[in-house]
There are 2 protein chains.
Amino acid sequence: MIKAGVPARPRSRGRAGRRPGGPDTRGEILSAARAEFAERAYDRASIRAIAGRAGVDPALVHHYFGTKEQLFLEAMELPFSPPDVAGEILTGPLDGAGERAVRTFFAVWGDPVRRTPILAMLRSAMSNEAAATLLRQFARRSILSRVVAGLDLPDRELRVEAAVSHLIGLALMRYVIKLEPLASIPDDELVVLVGPVIQHYFDA
Amino acid sequence: MIKAGVPARPRSRGRAGRRPGGPDTRGEILSAARAEFAERAYDRASIRAIAGRAGVDPALVHHYFGTKEQLFLEAMELPFSPPDVAGEILTGPLDGAGERAVRTFFAVWGDPVRRTPILAMLRSAMSNEAAATLLRQFARRSILSRVVAGLDLPDRELRVEAAVSHLIGLALMRYVIKLEPLASIPDDELVVLVGPVIQHYFDA
């Protein structure tokens, strides 16, 4: 997994019209992306509209950030790569997928710097319908669909969603509610405790 | 499980000193209880201090509300009985405990009126350290300890906490993030999907 770069602090400019990339263009695109995602959620947001908001050519947005998914990850400062996460879970024998899911998930969440922006998204989603829609659409398009596509099981969408719900619940208990002893056991013990349980969702 | 009565709307009064129960005394005790729990969390809050805040005799608080736990449930408008929840999970063969846990949990969460105050507590806990402490202490003292006490398993605290984390994660995905298809399957299907997985935490 890679750490996405920390975006430049956005600032607003009054200037309209397309222009080439300047020193603050990157930050302005990220700021425009945050506005677009907040307003139209993930599925309906577009690079074209984001470029329009920032007053630049869509090609420049692609040049700086790549795909809509990559732009979203940078705009939200999300410190993981969804293809890598899916790959780590799916690569290897299926009967180790439960343990790999727990290990991969907590490799990100166990790091306070990396979990902070994810927790911020979850927190927003809990108190704001639009933020919940954004998180749901991103999670489906970006991570869940990749894991689901790599499995050949009945009810695979339900199973993956149930597995993820367990991991998210564990993260809440460990890092927010801080329920002991669950909050303090090392990740290795968590893998032993939870891995075989998550594995059930990967067994036909 | 029983629905706790909806408390009277609190209003503040300037009067000090102990006095007998009047028409608003119940509401004032509930208001004092909310202040005490918010300030001192669950373990350190006391009926005596709550009575002091409300300017009444502690015996009157006991008379109206019973134990500290019962007062907490009414003050937070939590619409379930922790002894009943624990009883429903623990009563019957251990190899049905997973399914009973899922069924009991979603009988409360599936009802929008009943889940609203629980969700409100969880939401507060996510953005406020004191609220997280309150929720953690209440959950431990009230529900988790009863379920843990009824089990004869190694690592039973960890297992119960992991099981609860799964249920909480599912509730978030179904009722807040609204991830489909998980959000829309009937409770009966959820019991079939998740019950055997939770059961793993109840197997030695």
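Note: hydrogens, waters and symmetry copies are ignored here, and every other heavy atom, side chains too, is used.
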Distance-only donor-acceptor hits, side chain of residues 187-195 of chain B, under 3.5 Å, sequence neighbours excluded:
{"unit_1": "B:Asp187", "atom_1": "OD1", "unit_2": "B:Arg174", "atom_2": "NH2", "d": "3.0"}
{"unit_1": "B:Asp188", "atom_1": "OD1", "unit_2": "B:Arg103", "atom_2": "NH1", "d": "3.1"}

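Proximity to chain B (any heavy atom under 4.5 Å) is restricted, for A:Glu129, to the side chain, taken from C-beta onward. Interface remark: A:Leu170 contributes backbone and side-chain atoms alike to the contact with chain B (heavy atom separation under 4.5 Å). Heavy-atom distances place no part of A:Leu167 under 4.5 Å from chain B, backbone and side chain included. For a residue to count as touching a neighbouring chain, one of its non-hydrogen atoms must lie under 4.5 Å from one of that chain's; by this rule A:Met126 touches chain B with backbone and side chain alike.
Ranking A:Arg140, A:Arg159, A:Glu157 against chain B, the residue ahead of the rest is A:Arg140, based on heavy-atom pairs under 4.5 Å. Most heavy-atom pairs under 4.5 Å with chain B, from the set A:Val176, A:Leu119, A:Val197, A:Leu144: that is A:Val197.
No more than 12 heavy atoms of other residues, nucleotides or ligands lie within 6.0 Å of CZ in B:Arg141, so this atom counts as exposed by the packing criterion.
Residues of residues 37-46 of chain B never come within less than 4.5 angstrom of chain A, heavy atom to heavy atom.
Between B:Glu161 and A:Met173 there is no side-chain heavy-atom pair separated by less than 4.5 Å.
Taking the six-membered ring where the residue is Trp, B:Tyr201 and A:His166 present perpendicular rings, their angle passing 60° and hence far from 30°.
The distance from atom CG of A:Leu158 to atom CG of B:Leu179, rounded to the nearest 0.5 Å, is 9.5 Å.
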